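All chains are named by letter (A, B, ...) in the order of the sequence lines, taking the proteins before the strands, and each is independently numbered beginning at 1. Nothing here was measured: the structure is a model prediction, and the numbers come from that model.
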Protein chains: 2
Amino acid sequence: MSQPGRRRGPSKGDRREQAILATARELLARKPLAEITIDELAAGAEISRSSFYFYFDSKLAVVVALLHGLTGELMAGSGPWLDGTGPDEDALRRSLTGLAELWRSHGRLLAGALAAAPGCPPIAAWRAGLRDAHVSRLAARIERDRAAGLAPGGPEPAVLAGMIDDLRTATFAGPGEISDRLVGDLVTVELRMLYGDRPEPGDLPKQRSDG
Amino acid sequence: MSQPGRRRGPSKGDRREQAILATARELLARKPLAEITIDELAAGAEISRSSFYFYFDSKLAVVVALLHGLTGELMAGSGPWLDGTGPDEDALRRSLTGLAELWRSHGRLLAGALAAAPGCPPIAAWRAGLRDAHVSRLAARIERDRAAGLAPGGPEPAVLAGMIDDLRTATFAGPGEISDRLVGDLVTVELRMLYGDRPEPGDLPKQRSDG
DNA sequence: CGACTTTCTCGACATACTGTCGAGAAGCCA
DNA sequence: TGGCTTCTCGACAGTATGTCGAGAAAGTCG
């Protein structure tokens, strides 16, 4: 569509295209997206810089291609949690563990994409689509749980779901290791956001009557 | 320090410097940081592009200056909440309302700074300092509340505090209005993160002590 | 094979923005 | 007037992006 020139067919050019993508993945393992230039991408694929433009419109177009390759993986593993009901801690943990794994391997790509999104409509659209998909399924789950009396009321389901998605992204995109411990903490916190309601004031253990 | 050339003294040059900062504020009200060039900044202050460099080392140096002017405001208003104890909803709401106001007026600056931080040590340092200040105070508060039996256990206080800070930032930096409703939702969610535990712990024997 | 089309390549070029340098103007004070 | 600091800007160099058109390579069909 947006790539002019290329036609269908497995050919030499296809290998070049793959080489560019492979080079991008390779470089992203070593340094942030912003520090990668088209020269490097072209050099890695053993073509000239101008030839690069035959395959991709820009550096960001390469990112979009890599991102689309990740979409499936980003969705995977969360089904049991998103389609379930109630505070199913194990399902949530499994979902988050898979997501954490993905961030561990592709953190630079995802972080770079997130940073570039505001100025790059295709990336913004990809991100929005992914977020919406997650938010709408999670919001539906919240509604179900609330209707069943399993979860307390609160923010609009879609808003709460959005906050959870944002928290995940911020946590995984942050600096520092993505430890199993951190994933466990995220499980705890998300469950509180969804199910935890403050006990009634009278139920609070009153150590002090200060208020 | 990092600005060579300028010396102390209120002078014509100082007015230029202010004009550059004013122009930056003005432009940021209209478009994102990434779309602002040094040419525009210089033109707004009625000097040539080269003259700009007499006052600031780069566009990001201007951002840093604007940011430092905001530091106080970013801290202000959260004292009662951070230094208090227990689920003081009103104090939290007041703190968040102030923060929301700031994001409403300076959203582009803050969002731009956040996006530029990974590649700009001074901005990263500013952000880290601000975050640490908030996190350490909030973590201390969490410890106090836990010790007093007012809050349930969970993640390390500093981790939980970090998540709360991240959630705020993500929520305010996101697209869309920062409505009072949204602020209210954030109050609800933060309180749950801190104080909300699932009401009936024994009701859900999902977790085995299997190890 | 040879003519023809599609796929692919690259050098040359145009553009945008950043940052440096040094000559010198402008402002200030004695 | 001279002498100092502050300030200004044109000219230059560097780095990156993206375009264009000539033409080489590869595939196809007579």
Side-chain angles (χ1 to χ4, degrees), chain A residues 1-24 27-28 31-65 112 115-116 118-123, chain B residues 1-24 27-28 31-65 112 115-116 118-123:
Chain A
M1 290 298 190
S2 58
Q3 258 77 264
R6 298 307 327 290
R7 292 265 174 252
R8 291 286 107 220
S11 178
K12 169 182 164 188
D14 288 333
R15 270 185 293 115
R16 293 282 200 220
E17 189 173 320
Q18 288 307 314
I20 292 174
L21 293 172
T23 303
L27 290 172
L28 277 167
K31 55 176 166 179
L33 176 61
E35 286 173 26
I36 296 173
T37 71
I38 293 182
D39 272 286
E40 292 174 283
L41 258 17
E46 296 180 304
I47 56 179
S48 76
R49 200 175 58 81
S50 333
S51 290
F52 168 91
Y53 288 100
F54 181 76
Y55 296 99
F56 294 96
D57 284 342
S58 69
K59 182 172 76 176
L60 259 17
V62 176
V63 169
V64 170
C120 178
I123 294 183
Chain B
M1 291 295 194
S2 58
Q3 259 76 265
R6 298 306 330 288
R7 294 265 173 249
R8 292 288 107 219
S11 178
K12 170 182 163 187
D14 287 332
R15 271 186 290 116
R16 293 283 200 218
E17 189 173 320
Q18 288 307 314
I20 292 173
L21 293 171
T23 303
L27 290 172
L28 277 167
K31 55 177 167 179
L33 177 61
E35 285 173 27
I36 295 173
T37 71
I38 293 182
D39 272 286
E40 292 174 283
L41 257 17
E46 297 180 302
I47 55 179
S48 76
R49 200 175 58 81
S50 334
S51 290
F52 168 91
Y53 287 101
F54 181 77
Y55 297 98
F56 294 97
D57 284 343
S58 68
K59 181 173 76 176
L60 259 16
V62 175
V63 169
V64 171
C120 177
I123 293 183

- Query: Roughly, in whole Å, what's the span from CG in Asp14(A) to C1' in dT6(C)?
  - Reply: 14 Å

- Task: Calculate the interatomic distance between Tyr55(A) atom OH and dG18(D) atom P; express it in whole Å.
- Result: 18 Å

- Counting only side-chain N and O atoms of Ser50(B), is one of them less than 4.0 Å from OP1 or OP2 of dC9(D)? no

- Pro121(B): what forms a side chain to side chain contact (heavy atoms under 4.5 Å, CB included) with it, not counting sequence neighbours? none

- Taking only Lys NZ, Arg NE, NH1 and NH2, and the carboxylate oxygens of Asp or Glu, determine whether Arg49(B) and Glu40(B) approach each other closer than 4.0 Å. no

- Task: Check the distance between dT8(D)'s C1' and Arg15(B)'s CZ and give it to me in whole angstrom.
- Result: 15 Å

- Task: Determine whether Ile47(A) and Ile20(A) make a side-chain contact, defined as any pair of heavy atoms from C-beta on separated by less than 4.5 Å.
- Result: yes

- Query: Taking CZ from Phe52(B) and P from dC7(D), how many angstroms apart are they, rounded to a whole number?
  - Reply: 15 Å

- Query: What is the distance from CG of Leu60(A) to P of dA16(D), rounded to the nearest Å?
  - Reply: 16 Å

- Grab the CG-P distance between Asp57(A) and dG18(D) for me, whole Å please. 9 Å

- Item | Heavy-atom check, side chain of Ile38(B) versus side chain of Tyr53(B), under 4.5 Å | yes

- Is Arg16(A) near enough to dT9(C) that one of its side-chain N or O atoms lies under 4.0 angstrom from OP1 or OP2? yes

- What's the CZ-P distance between Phe54(A) and dT19(D), to the nearest Å? 14 Å

- Query: How about Phe56(A) and Glu17(A): do any of their side-chain heavy atoms sit closer than 4.5 Å?
  - Reply: yes

- Quick one: Phe56(B) CZ to dT20(C) P, roughly how many Å, whole number? 16 Å

Report each atom pair, protein N/O against N/O of nucleotides 14-18 of chain C, whose distance is under 3.5 angstrom.
{"residue": "dT18(C)", "atom": "OP2", "partner": "Ile38(B)", "partner atom": "N", "Å": "3.4"}
{"residue": "dT18(C)", "atom": "O4", "partner": "Arg49(B)", "partner atom": "NH2", "Å": "3.2"}

